[in-house]
Amino acid sequence: YAEFPLTAMSEGQASLLVENLVCVRGLRVIFADLNFALAGGGVLHVSGANGAGKTSLLRMICGLLAPAAGTISLADGAAMAAQCHYLGHADGLKNTLTPRETIFYESRFLAPQSGDSARSGEELLAFVGLLKQADQRIATLSAGQRRRLALTRLMAAPRRVLLLDEPYTALDSGGRELVDTLIRRQAEAGGLVILAAHEPVPLADHQLVLNA
């Protein structure tokens, strides 16, 4: 996977600060007084039992879920939502489109100034191992192939913060290597990676355990 020319992030290194964060779902406090900081190039592995708040934390960071209390900020004051890519459990793909069409439209939406979308689309499909399936309907792809296609969003428009929720789900060994490559490249570029996973993550240099 080393051949794909990932675009560098022009904004430079990121630094994330979470202070006194509280998550409440329904009438239940999921976690409270959560504090941590992550400097540019850091990879944080969030673990914990089902229901401990791993997904809720990722959704709070990117603005999809409002915290009951506390703050989440980047050191330079940049708007969090515009700096995040969130890859959740659902792939958000349209079954009636093809991988080629998906990359074309999503690249135009996420990075309208990215240049030759046709060329970059071919490169992305080759990089994730879906060039042979480029014109196949997404409805016919396997779960692992769909996951690979969803990963192209992270490369079509690089952002400083990657939020990955169980990113290895449904992937074979090659797909898992692809995820690790993206994590490594993000860290090397000075970006941040926060991923929730039940399994060990050797690339992580920080660990956060949430208790249910």
Side-chain angles (χ1 to χ4, degrees), residues 1 3-7 9 46 50 54-65 80-186 189 191-199 201 203:
Y1 295 110
E3 296 82 6
F4 188 81
L6 296 183
T7 304
M9 290 172 288
V46 182
N50 292 333
K54 300 184 297 297
T55 296
S56 294
L57 174 60
L58 298 188
R59 290 173 63 84
M60 282 183 180
I61 293 173
C62 66
L64 292 175
L65 181 66
M80 283 298 307
Q83 301 297 324
C84 294
H85 266 311
Y86 171 62
L87 181 65
H89 293 147
D91 54 43
L93 299 171
K94 301 294 185 182
N95 286 331
T96 54
L97 295 180
T98 67
R100 191 188 306 278
E101 292 168 337
T102 297
I103 289 178
F104 177 82
Y105 289 115
E106 290 191 350
S107 296
R108 291 292 183 92
F109 176 74
L110 293 170
Q113 308 302 322
S114 60
D116 187 351
S117 57
R119 178 176 178 273
S120 62
E122 290 287 315
E123 291 175 338
L124 283 170
L125 287 169
F127 184 70
V128 300
L130 292 178
L131 196 55
K132 292 182 179 179
Q133 292 80 22
D135 299 306
Q136 199 172 309
R137 295 298 173 193
I138 288 174
T140 67
L141 298 181
S142 70
Q145 289 171 330
R146 293 175 69 104
R147 196 66 170 175
R148 285 171 178 258
L149 181 58
L151 288 169
T152 62
R153 296 180 185 129
L154 311 183
M155 296 177 282
R159 294 182 180 173
R160 291 196 287 169
V161 183
L162 295 188
L163 305 168
L164 310 177
D165 199 353
E166 299 294 345
Y168 301 107
T169 299
L171 292 174
D172 57 16
S173 59
R176 294 166 70 87
E177 182 183 346
L178 169 61
V179 172
D180 285 346
T181 297
L182 295 179
I183 292 172
R184 190 179 299 109
R185 293 286 189 86
Q186 178 77 358
L192 302 176
V193 182
I194 302 176
L195 68 156
H198 289 289
E199 58 204 288
V201 181
L203 288 176

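Positions are given from 1, in the same order as the sequence printed here.
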Colleague: Indicate the atoms forming the closest heavy-atom contact of Ala156 with Ser107, along with that distance.
Modeller: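 Smallest interatomic distance, heavy atoms only, reads CB-OG, 3.8 Å.
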Colleague: From Leu130 CG over to Asp135 CG, what is the distance, rounded to the nearest 0.5 angstrom?
Modeller: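 That separation rounds to 12.0 Å.
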Colleague: CD of Glu166 to CG of Leu87: how many Å apart, nearest 0.5 Å?
Modeller: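 Separation between the atoms: 11.0 Å.
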Colleague: Do the non-hydrogen side-chain atoms of Leu97 and Phe104 ever get within less than 4.5 Å of each other?
Modeller: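 Of all side-chain heavy-atom pairs linking Phe104 with Leu97, none is under 4.5 Å.
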Colleague: State which residues pass side chain to side chain contact (heavy atoms under 4.5 Å, CB included) with Gln136; sequence neighbours excluded, sorted by chain then number.
Modeller: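 Checked Gln136 against side chain to side chain contact (heavy atoms under 4.5 Å, CB included); matches are Gln133, Thr140, Leu141.
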Colleague: Going from CG on Leu163 to SG on Cys84, what distance comes out if it is rounded to the nearest 0.5 angstrom?
Modeller: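 The SG atom of Cys84 is 5.0 Å from CG of Leu163, to the nearest 0.5 Å.
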Colleague: Is the closest side-chain heavy-atom distance between Leu182 and Phe127 below 4.5 Å?
Modeller: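 When only atoms from C-beta onward are counted, Phe127 and Leu182 do touch, with a gap below 4.5 Å.
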Colleague: Does the Glu122 side chain pair with the main chain of Leu131, one donor and one acceptor, at a distance under 3.5 Å?
Modeller: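 No: the side chain of Glu122 does not pair with the backbone of Leu131.
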Colleague: Would you say the side chain of Leu203 lies within less than 4.5 Å of the side chain of Val193, judging by non-hydrogen atoms?
Modeller: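 Side-chain contact under 4.5 Å: no.
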Colleague: With rounding to the nearest 0.5 angstrom, report the CD to CG distance, Gln145 to Leu171.
Modeller: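 Separation between the atoms: 11.0 Å.
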Colleague: Using every non-hydrogen atom in the two residues, find where Asp165 and Ala196 come nearest and quote the distance to one decimal.
Modeller: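 That closest heavy-atom pairing would be OD1-CB, 3.7 Å.
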Colleague: Under a 4.5 Å cut-off applied to non-hydrogen side-chain atoms, are Ile138 and Thr102 in contact?
Modeller: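 Result yes, sub-4.5 Å side-chain heavy-atom pair found.
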Colleague: Going from NE2 on His85 to CG on Leu162, what distance comes out if it is rounded to the nearest 0.5 angstrom?
Modeller: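 Atom-to-atom, His85:NE2 and Leu162:CG are 7.0 Å apart.
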Colleague: Within a strict 4.5 Å, meaning less than it, do heavy atoms of the Leu154 and Gln186 side chains meet?
Modeller: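 No, their side chains stay 4.5 Å or more apart.
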Colleague: Identify the two heavy atoms, one from Arg146 and one from Asn95, that lie closest to each other, and give their separation to 0.1 Å.
Modeller: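 In terms of heavy atoms, the two residues are closest at NH1-OD1, 2.7 Å.
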Colleague: Would Glu101 and Arg137 pass as an ion pair if we require N to O under 4.0 Å?
Modeller: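 Salt bridge present between Glu101 and Arg137.
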Colleague: CD/Glu177 to CZ/Arg184 distance, rounded to the nearest 0.5 angstrom?
Modeller: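 If I round to the nearest 0.5 Å, the distance is 8.0 Å.
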Colleague: Could you tell me which residues satisfy side chain to side chain donor-acceptor pair (under 3.5 Å) with Tyr86, sequence neighbours excluded, listed by chain and number?
Modeller: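 Result, side chain to side chain donor-acceptor pair (under 3.5 Å) vs Tyr86: none returned.
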Colleague: Salt bridge check, Arg148 against Asp172: does any charged N sit closer than 4.0 Å to a carboxylate O?
Modeller: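 Yes, this pair counts.
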Colleague: Tell me every residue that passes side chain to side chain contact (heavy atoms under 4.5 Å, CB included) with Thr152, counting only those two or more places apart in sequence or in another chain.
Modeller: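 Thr152 satisfies side chain to side chain contact (heavy atoms under 4.5 Å, CB included) with Ile103, Leu124, Val128, Leu149, Met155 only.
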